[in-house]
Amino acid sequence: MTPPAILHDYRRAGAIGRDDISTAAVMVTLADREGGQEPDLLGWLGLCLALRTVRDGHTCVDCDRIGDWAAGLQLTGGAPLAWPQQAADWLAALRAIPTLVGQPGDRRPFILDGHRLYLGRSLAEEQTIAATLMQERCKRVRILLGGPGTGKTTKVARDLVERLTQLPSGQRPPRLALTAPTGKAASRMTDVLRSRCLETGAPADVVAAVTAEPARTVHKLLGFNPAAKQPFTYHAGNRLPHDLVIVDEASMLSSSLMHHLLVALAPDAEILLVGDPDQLASVAAGTVLGDLAVFRDDRFAAHPLHGRIETLTINHRAKYAPGIVALADAIRRGDAAASFAVLESRAADVTWVDPTQSQALETVTALVVAQADRLREVAEKGDADAVLTAHAELQVLCGHREGSLGVAGWNARIEQRLGVAAALPWYAGRPVMVTRNSRSLALFNGDVGVTVPVAGQASRLEAIFGQPGQTVRVPVSRLEDVATVHALTIHKSQGSEYEHAVVVLPERPSRIVTRELLYTGITRARSRVTVVGSRDVIEAAIEKPIRRATGLAERMG
């Protein structure tokens, strides 16, 4: 079945993609062989939008907000897209192709649930998440929310210590699983939780019980193997052997990964979700933690999940970095005026640089280059802990990958200033990020390391990964999928903290530079933040919250 030619006008405008059209065409052709009716233009568009949802982070197409999909899009030449705004028009077009679009309970590739259009698998996963969490009036789930510096890990440690020290004599302690969406977040979770347990004065056996198993990524916890017929070792037919699963940085959990984790829990196991719902959500579809966080509101006081959510609001870093705390809070609330008041206050811990002011931008660049040069000097001495500590002192975080103010531009500029030859990519002090999981090296996508000379062999280099006091050394000859990260994207920085974060926004407003992205970048800083961005770009980001289409909160309400 050949899609209507006009559909490619919508592709060129950016409303749908080439693969969406080709996949929809295959599905329509198969349905036609079964006597199905060919879609009209809105039907074609609806199918293509549903196929696009995962790429844009949605779990469905909400026909009540159908205008959002065409916001700002134009045909070649500047003409506006023909885009009906009434949900009824789209729903009628979708219902006219019942061989492809079914109702809940039907076996169809697309499911229309009320005014939301889902891929069949996405709906099934969302239904399972809701049903699992709601079991026994949410008895198995607890949620701990709070921004950076509010003491979430300390709270988790104290609760675990209290629970374990109050166990009756002879009773087996609960089997704990510590997990996070990324390897970097998991590594940090283990170290911080151990430190917090020790700070509470917990007995050695309690600390040992809490950290008996190191934190792992959710994929590793579930035994993910994409080459296997059943990609997850643990699933509904083979449950996890844990009594309590604690998930840190839960805002990064996608709907699909949350589904796989929940179905793998033992029938009587508990799950604790810990995170900041105002940070960036998963790069994949869904905003599970954000959807669940709405139930903390007093209007849901009668809902069983309301009493299972605890929110920490006191920021213990406020006295050390009051400007950062105030700026993050203003951005989180979407208050542009308050945000600029902080940026213009000349606070000791907040600096605002307009990139159109060349001298101010050069000052920031020189500061970043000086830190990169210092990192190289520390790396040449080979002290693993000193290298990792130095690397965490300053990090450039960009909203975009490309462009002079993007990751590529900053990395090239810094290496040029360092005098690094492009033909010799490996050098002492090169910060690198793993870009693909490597089971053989026990390194995961997002892990960051720094290259140093091999002891006694200055001509050979190895990379140090991990945290001070817990490092792994890998010869650079074994590192294939890595990228230089003098600068990295804000997305990739989630789960990390730096003494000084230099947050760089693009030259112009962008659909991906949102309130959550700016908030996430700002809150990576512990002691100092420098924001590089024009007033227009910053204001546009603050006024643009992420709106992902999902039905999870309504399904649980």
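This structure is a prediction, so every number in the text was calculated from the model and none was measured. This chain uses plain numbering: 1 for the first residue, then up along the sequence.
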Requested in this report: Could you check if a side-chain atom of Leu240 sits within less than 4.5 angstrom of a side-chain atom of Leu222, using non-hydrogen atoms only?
Outcome: yes

Requested in this report: For residues Ser251 and Asp276, determine if any side-chain heavy atom of one lies less than 4.5 Å from a side-chain heavy atom of the other.
Outcome: no

Query raised in the report: Are any of the side-chain heavy atoms of Phe110 and Ile97 separated by less than 4.5 Å?
Result: no

Query raised in the report: Does any non-hydrogen side-chain atom of Leu49 lie less than 4.5 Å from one of Ile16?
Result: yes

Query raised in the report: Are the side chain of Glu543 and the backbone of Ala336 linked by a donor-acceptor contact shorter than 3.5 Å?
Result: no

Query raised in the report: His303 side chain to Met556 main-chain N or O, any donor-acceptor pair under 3.5 Å?
Result: yes

Query raised in the report: Can you check side chain to side chain donor-acceptor pair (under 3.5 Å) on Ser256 and Glu125, steps first, answer last?
Result: CA-CA 6 Å; Ser256 184; Glu125 290 178 344; 3.1 Å; yes

Query raised in the report: Do Leu145 and Leu289 touch side chain to side chain, with heavy atoms closer than 4.5 Å?
Result: yes

Requested in this report: With rounding to the nearest 0.5 Å, note down the distance linking NE2 in His8 to CZ in Arg18.
Outcome: 7.5 Å

Requested in this report: Give the intermediate values and the outcome of side-chain contact (heavy atoms from CB on, under 4.5 Å) for residues Thr365 and Trp410.
Outcome: CA-CA 9 Å; Thr365 303; Trp410 275 93; 3.7 Å; yes

**Report entry** Donor-acceptor contact below 3.5 Å, side chain Arg296 vs main chain Ile309
**Finding:** no

Query raised in the report: Taking C-beta and beyond as the side chain, do Asp159 and Arg142 meet within less than 4.5 Å on heavy atoms?
Result: yes

Query raised in the report: Below 4.0 angstrom, N of the basic side chain to O of the carboxylate: do Arg108 and Asp106 qualify?
Result: no

Query raised in the report: Between Asp349 and Gly323, is there a donor-acceptor pair closer than 3.5 Å when you use the side chain of the first and the backbone of the second?
Result: yes

Report task. Decide side-chain contact (heavy atoms from CB on, under 4.5 Å) for Ile143 and Leu305; before the verdict, give the C-alpha distance in whole Å, the side-chain angles of both, and the deciding distance to 0.1 Å. Result -> CA-CA 9 Å; Ile143 300 174; Leu305 190 58; 4.2 Å; yes

Query raised in the report: Does NZ or CZ of Arg535 fall inside the cone over Phe340's six-membered ring, less than 6.0 Å from its centre and within 45° of the axis?
Result: yes

Query raised in the report: Can you say whether the rings of Tyr498 and His391 are parallel (under 30°), tilted (30 to 60°) or perpendicular (over 60°)?
Result: perpendicular

Requested in this report: Flag the pair Arg524 / Gln395 as yes when at least one side-chain heavy-atom distance between them is below 4.5 Å, and no otherwise.
Outcome: no

Query raised in the report: Side chains of Asp536 and Ser534: donor-acceptor distance under 3.5 Å anywhere?
Result: no

Query - Check: Thr154 side chain, Arg196 main-chain N or O, donor-acceptor pair, under 3.5 Å - result: no

Query raised in the report: What's the shortest heavy-atom distance between Arg548 and Gly286, and which atoms?
Result: NH1-O, 2.8 Å

**Report entry** pair Val192-Asp248: side-chain heavy atoms closer than 4.5 Å
**Finding:** no

Query raised in the report: Considering all heavy atoms of both residues, which atom of Thr179 and which atom of Met189 are nearest to each other, and what is their separation?
Result: O-SD, 3.5 Å

Report task. Please check if the side chain of Ser493 supplies one atom and the backbone of Ser496 the other of a donor-acceptor pair under 3.5 Å. Result -> no

Query raised in the report: Are the side chain of Thr523 and the backbone N or O of Thr520 linked by a donor-acceptor pair below 3.5 Å?
Result: yes

Query raised in the report: Hey, is Asp68 close enough to Arg65 for a salt bridge, meaning N to O under 4.0 Å?
Result: yes

Query raised in the report: Nearest 0.5 Å, what's the CD-CG distance between Gln135 and Leu265?
Result: 9.5 Å

Query - Any donor-acceptor pair under 3.5 Å from Trp83 side chain to Ile66 backbone - result: yes

Query raised in the report: Counting only N and O atoms by type, is there a donor-acceptor contact under 3.5 Å from the side chain of Trp90 to the main-chain atoms of Pro84?
Result: yes

Query raised in the report: Relative to the ring of His219, is the ring of Phe224 parallel (under 30°), tilted (30 to 60°) or perpendicular (over 60°)?
Result: perpendicular

